[in-house]
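Worth knowing before you read on, the calculation uses all heavy atoms, side chains too, and leaves out hydrogens, waters and symmetry mates. Sequence lines set the chain letters: A, B, ... in the order given, protein chains first and strands last, and positions in each chain run from 1. Everything numeric here is computed off the predicted structure, so don't read it as measured data.
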Amino acid sequence: MKILREHVEPVLSNALESIGINNPNWKSMLTPSREHSQGDLSLPCFPFAKQLGKSPNDIAEDLSKLIENNGAIGQVNATGGYLNFKAESKWLAKQLLSGKVRVGDAYGKKPDTDRQVLIEHTSANPNGPFHVGRARNAILGDTLVRLHRLLGNEVRAEYYVDDMGKQVGVLAWALDNLSDQEVENILEDKDSISTKWANKADHTRVRWYQAAQKLRKDEDKSEKMEQEIGKLVHASEHGDEAVLQQFHDSFQPVLDGMLETLGRLGIEFDQFTNESMFVTNGDVAKLTQTLSGLDIHGVADNGAEFLDLGARGLKGKTEFFFKRGDGSSLYATRDIAYHIWKWKQCDDLINILGEDHKLQSKQVGMTLQELGHKVPEVLFYSFIKLPEGKMSTRRGNVVFMDDLLEEAKEHASKIVRELRPEYLEQEVSHIAESVGRSAIRFNIIKVSPDKGFTFRWEEALAFEAGSAPFIMYSHTRALSIANKCSDNGIDIEEISNKNLDLETINLELPDSLIDLLRCMAIQNDVLERSVKQCRPNLFANQVLNLATSFNGFYRDCKIFDDGEVNELYFQISQLASQFLKTGMEGLGIIPLERM
RNA sequence: GGGCGUGUAGCAUAGUUGGAUAAUGCGUCGGCCUCCUAAGCCGAAGAUCGCGGGUUCAAAUCCUGCUGCGCCCGCCA
């Protein structure tokens with residue numbers, strides 16, 4: 001709890017000095033209390049024992065007597081070798097209610113830190129619809145974008161479009177060479193697409209891609225086809241404008257379909273950058289020339305070129321190829337050019353990548369370093385699998401995000417209709433859509449990125465405690481209280497702006513209220529750590545805790561009772577709803593008016 | 001074979017730069033709507049933190065060996 005720490009450190013410093021501890025290292029030992037009931041901040045006194053020849057317990061005891069009260073510290077206690085500090089609850093309430101703790105805004109309207117952050121995420125090849133596994137990247141990336149904005153950073157969210165190379169080449173070839181009927185014949189043993197997505201190009205055009213991939217394995221036809229595709233790819237890699245245009249026309253409708261899906265999840269980008277740009281503008285040519293001049297550069301028999309990263313300590317495969325035998329560049333080479341370009345436009349650079357990109361990313365990072373550039377921060381995530389095993393479009397073991405979104409909405413509709421029969425169909429639909437996307441995002445974001453994740457329908461569609469709807473529900477409760485007050489002719493604006501004198505409020509604050517205050521007070525601490533460590537799940541947990549704390553407060557503190565409003569409770573409820581709202585927006589959860 | 005990651009109640013997970021009695025949800029069992037939205041709240045049972053060593057006043061956390069699982073080891077993207 002940062003706001004308390006500022007008030008504890010000076011008095012604790014004095015106390016430590018007077019018992020003979022001058023080493024400032026203790027500051028890093030003062031940590032949030034593990035035992036929540038004992039305090040907000042704790043100092044373990046074990047390390048001082050040897051130096052002072054006293055038991056940790058006695059040291060904590062001595063220190064507790066030396067702490068001067070400065071108004072912020074409500075309670076100091078010494079137990080089990082720990083010195084615990086608890087914030088004075090009315091002081092804490094005052095800090096919060098007077099706006100000392102930043103509420104923030106996840107849409108970037110309140111930049112606060114002067115840091116320009118560029119986050120590249122998703123960047124999926126535009127060759128087919130998102131499945132739940134690939135969407136983990138987008139959800140993680142977008143959440144990180146939002147959390148950075150909530151913290152006050154200026155963020156650009158960027159999608160790197162693979163508009164050249166083999167994958168798009170195959171798609172373009174197929175669209176040019178295969179008729180509807182041929183595609184259906186080739187894919188006869190595969191399920192046809194759901195009629196629901198018959199007009200969505202990511203679902204329709206991927207059939208051409210799949211058909212072509214299947215043909216490529218068929219030896220009779222593959223040779224000629226491989227030649228034609230190779231020609232296209234080669235042309236694209238040398239910046240042939242007509243071919244690049246053909247590629248663009250092939251994939252753009254697919255990309256549009258994919259972006260429609262992401263839009264439904266609340267995910268948008270500030271900029272799209274085409275991979276081909278770095279070929280056509282000459283950056284790649286310049287780069288390969290520079291790389292060829294490096295000490296650790298090497299040449300293979302056929303003229304292909306590589307860097308020996310083993311010489312810089314890379315273990316395992318040490319040769320990193322950046323140029324093919326035919327002189328063309330590779331994906332990673334272009335990626336390095338892209339990174340150099342990105343670094344010119346930001347202070348911090350973050351990439352979201354699947355764990356399969358770890359080696360590639362390491363190679364890119366080491367090469368950047370070799371060239372005197374900074375290494376980007378990378379958030380790697382493990383793959384989402386299904387109970388039946390690895391997700392694979394090819395084997396039909398796959399859950400499409402579009403289907404999940406529909407299913408979640410339908411499930412939510414059912415619940416709303418049951419619980420709120422009086423709502424109009426339009427409102428039901430709005431609530432269901434919001435609940436569906438929020439639940440999907442939260443379900444993925446709450447788990448640590450480096451852990452494997454098994455997608456289960458029953459979990460994705462569980463709208464109980466521990467889910468986004470649980471958080472959303474707490475938030476609507478706060479709003480419904482305010483509405484109720486309004487409906488009873490109370491001027492809530494006036495109460496909100498009233499300057500309450502907490503000292504004169506003759507009232508013991510209930511524990512659950514204090515818990516809520518403490519939870520709000522650490523929200524930014526957790527946000528900062530979550531952003532710094534690139535772990536959105538930490539903040540997801542915080543918002544979950546906040547909702548739980550609010551529910552406890554709601555249970556114990558009646559705000560509107562007998563026609564009277566408890567003004568302190570009201571203000572705290574309003575503030576909590578603010579923290580809930582911005583926290584939810586930071587996670588991409590939609591704060592509803594009612595549900 | 002080599003590299004990287006991961007293993008925590010029946011299940012799914014949290015656990016901060018090492019710190020107190022390892023936290024939460026689902027599931028199980030038992031309570032709470034005449035009371036601001038019960039998508040809620042309260043209570044109970046349930047853990048050899050994968051296994052073995054080591055460092056430390058203190059290890060789920062750090063080091064090391066073993067083991068299960070995942071990913072990578074293309075002049076693919």
Side-chain angles (χ1 to χ4, degrees), chain A residues 28-29 31-36 38 42-50 56 79-82 84 125 127 162 164-168 233 275 300 302-306 314-319 321-326 328 330-332 334-335 354-360 362 380 382-383 385 390 412 415-416 418-420 435 446-448 450-454 456 458-459 462-474 476-485 488 525-526 529 533 535 537-538 540-541 544-545 548 551-552 554-561 565 569 573 594-595:
Chain A
S28 65
M29 282 156 50
T31 56
S33 307
R34 184 78 106 192
E35 285 303 308
H36 200 58
Q38 295 293 340
S42 297
L43 182 77
C45 296
F46 309 96
F48 307 132
K50 211 175 256 176
T79 43
Y82 290 84
N84 302 307
N125 287 333
N127 59 9
D162 180 7
M164 55 185 290
K166 199 155 269 175
Q167 297 212 24
V168 215
V233 172
E275 198 179 322
N302 67 348
E305 298 184 34
F306 61 88
L314 184 67
K315 290 182 205 156
K317 186 184 154 69
T318 56
E319 290 178 348
F321 281 87
F322 61 89
K323 198 166 161 187
R324 290 197 186 96
D326 69 0
S328 61
L330 286 106
Y331 174 82
R334 287 169 239 139
D335 201 23
E355 61 179 341
D356 55 336
H357 280 67
K358 275 185 179 172
L359 175 60
Q360 172 96 251
K362 180 91 190 154
F380 292 106
S382 191
F383 295 121
K385 51 184 184 294
K390 211 173 135 177
I415 293 173
V416 182
E418 208 173 286
L419 262 30
R420 317 271 183 255
V435 165
K446 72 176 177 185
V447 326
S448 183
D450 49 17
K451 284 208 181 162
F453 178 88
T454 304
R456 290 188 177 83
E458 64 271 29
E459 275 168 29
F463 297 164
E464 294 148 323
S467 72
F470 169 84
I471 298 167
M472 297 167 79
Y473 192 66
S474 302
T476 57
R477 277 177 153 174
L479 299 194
S480 88
I481 294 169
N483 283 336
K484 187 175 178 186
C485 293
N488 281 276
D525 303 352
V526 179
R529 193 155 47 86
Q533 299 182 4
R535 290 163 69 194
N537 58 305
L538 299 182
N541 226 279
L544 203 51
N545 289 339
T548 304
N551 286 342
Y554 172 88
R555 177 191 67 228
D556 295 339
C557 302
K558 191 89 178 157
I559 290 162
F560 184 78
D561 205 5
V565 176
Y569 290 176
S573 168
R594 53 179 211 160
M595 60 188 282

Test item: A:E275 and A:Y331 side chains (from C-beta on) under 4.5 Å apart, heavy atoms
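In short, these two side chains touch, coming nearer than 4.5 Å.
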Check whether any side-chain heavy atom of A:K558 lies under 4.5 Å from a side-chain heavy atom of A:Y569, and answer yes or no.
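When only atoms from C-beta onward are counted, A:Y569 and A:K558 do not touch, as no gap falls below 4.5 Å.
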Nearest heavy-atom neighbours spanning [X] and [Y]:
X: A:S467; Y: A:P469; answer: OG-CD, 3.1 Å
X: A:K446; Y: A:N537; answer: O-CB, 3.4 Å
X: A:K362; Y: A:L314; answer: CG-CD1, 3.7 Å

For [X] and [N], what is the distance between atoms [atom1] and [atom2] respectively, to the nearest whole Å?
X: A:Y569; N: B:C36; atom1: OH; atom2: P; answer: 17 Å
X: A:I481; N: B:C36; atom1: CD1; atom2: P; answer: 10 Å
X: A:I559; N: B:C35; atom1: CD1; atom2: C1'; answer: 14 Å
X: A:F463; N: B:C26; atom1: CZ; atom2: C1'; answer: 15 Å
X: A:F470; N: B:U24; atom1: CZ; atom2: P; answer: 12 Å
X: A:H36; N: B:U24; atom1: NE2; atom2: P; answer: 11 Å
X: A:L544; N: B:A23; atom1: CG; atom2: P; answer: 17 Å
X: A:E35; N: B:A22; atom1: CD; atom2: C1'; answer: 10 Å

Would you tell me if any nitrogen or oxygen in the side chain of [X] comes within less than 4.0 Å of OP1 or OP2 on [N]?
X: A:Y554; N: B:A38; value: yes
X: A:K390; N: B:C71; value: yes
X: A:K451; N: B:G7; value: yes
X: A:R555; N: B:C32; value: no

Out of [options], whichever nucleotide has its closest atom nearest the side chain of [X]:
X: A:F383; options: B:A20, B:C71, B:A38; value: B:C71
X: A:N541; options: B:G15, B:C41, B:A14; value: B:A14
X: A:P32; options: B:A14, B:U16, B:G3; value: B:U16
X: A:E355; options: B:C4, B:G70, B:C41; value: B:G70
X: A:E459; options: B:A20, B:G15, B:A12; value: B:A12
X: A:K358; options: B:C4, B:C36, B:G40; value: B:C4

Pairing stems for RNA chain B [at least three consecutive pairs; Watson-Crick or G-U; under 3.5 angstrom]:
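Result, WC/G-U stems under 3.5 Å: B:1-7 with B:67-73, B:10-13 with B:23-26, B:28-32 with B:40-44, B:50-54 with B:62-66.
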Answer with base, sugar-phosphate or nothing: what part of the nucleic acid does [X] contact at a heavy-atom distance below 4.0 Å?
X: A:V526; value: nothing
X: A:S448; value: sugar-phosphate
X: A:T548; value: nothing
X: A:F380; value: nothing
X: A:D335; value: nothing
X: A:M595; value: base
X: A:R594; value: base
X: A:C557; value: base
X: A:P47; value: base
X: A:R529; value: base
X: A:A462; value: nothing
X: A:K385; value: nothing
X: A:E305; value: nothing

Quiz item: A:S42 side-chain donor-acceptor pair to B:A20 base, under 3.5 Å
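Present.
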Nearest-0.5 Å distance, [atom1] of residue [X] to [atom2] of residue [Y]:
X: A:C45; Y: A:M29; atom1: SG; atom2: CE; result: 7.0 Å
X: A:N483; Y: A:F560; atom1: CG; atom2: CZ; result: 12.5 Å
X: A:M472; Y: A:R477; atom1: CE; atom2: CZ; result: 14.5 Å
X: A:N551; Y: A:F470; atom1: CG; atom2: CZ; result: 4.5 Å
X: A:Q360; Y: A:D335; atom1: CD; atom2: CG; result: 6.5 Å
X: A:R324; Y: A:N302; atom1: CZ; atom2: CG; result: 11.5 Å

Return the 5'-most residue of the pair A:A482, A:K315 with respect to RNA chain B, ranking by each residue's nearest nucleotide.
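Result: A:K315.
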If each of A:V447 and A:A412 is mapped to the nucleotide of RNA chain B with the nearest heavy atom, which maps nearer the 5' terminus, i.e. the 5' end?
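With A:V447 and A:A412 compared, the 5'-side residue is A:V447.
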Quick one: classify the glycosidic conformation of B:C73 as syn or anti, with syn meaning within 90° of 0.
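Because its glycosidic torsion lies more than 90° from 0, B:C73 adopts the anti conformation.
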When you compare [N] with [M], how far apart are their [atom1] atoms, in angstrom units rounded to a whole number?
N: B:G40; M: B:C33; atom1: C1'; result: 10 Å
N: B:C69; M: B:C57; atom1: C1'; result: 37 Å
N: B:A60; M: B:G15; atom1: P; result: 16 Å
N: B:A12; M: B:G50; atom1: P; result: 14 Å

Distances for protein N/O vs nucleotides 59-65 of chain B N/O pairs under 3.5 angstrom?
| from | atom 1 | to | atom 2 | distance (Å) |
| --- | --- | --- | --- | --- |
| B:A60 | N6 | A:R34 | NH2 | 2.5 |

Could I get a table of every N or O pair under 3.5 Å where one atom is in the protein and the other is in nucleotides 73-77 of chain B?
| from | atom 1 | to | atom 2 | distance (Å) |
| --- | --- | --- | --- | --- |
| B:C75 | OP2 | A:K317 | NZ | 3.2 |
| B:C75 | O2 | A:G325 | N | 2.8 |
| B:C75 | N3 | A:N302 | OD1 | 2.8 |
| B:C75 | N3 | A:N302 | ND2 | 2.5 |
| B:C75 | N4 | A:N302 | OD1 | 2.5 |
| B:C75 | N4 | A:N302 | ND2 | 3.2 |
| B:C76 | OP2 | A:R324 | NE | 2.5 |
| B:C76 | OP2 | A:R324 | NH2 | 3.1 |
| B:C76 | O3' | A:R324 | NH2 | 3.4 |
| B:A77 | OP1 | A:R324 | NH2 | 2.8 |
| B:A77 | OP1 | A:R334 | NH2 | 3.3 |
| B:A77 | OP2 | A:Y331 | N | 3.0 |
| B:A77 | O3' | A:D162 | OD1 | 3.3 |
| B:A77 | O3' | A:D162 | OD2 | 2.7 |
| B:A77 | O2' | A:N125 | OD1 | 3.4 |
| B:A77 | O2' | A:N125 | ND2 | 2.8 |
| B:A77 | O2' | A:D162 | OD2 | 3.1 |
| B:A77 | N6 | A:Q360 | NE2 | 2.6 |

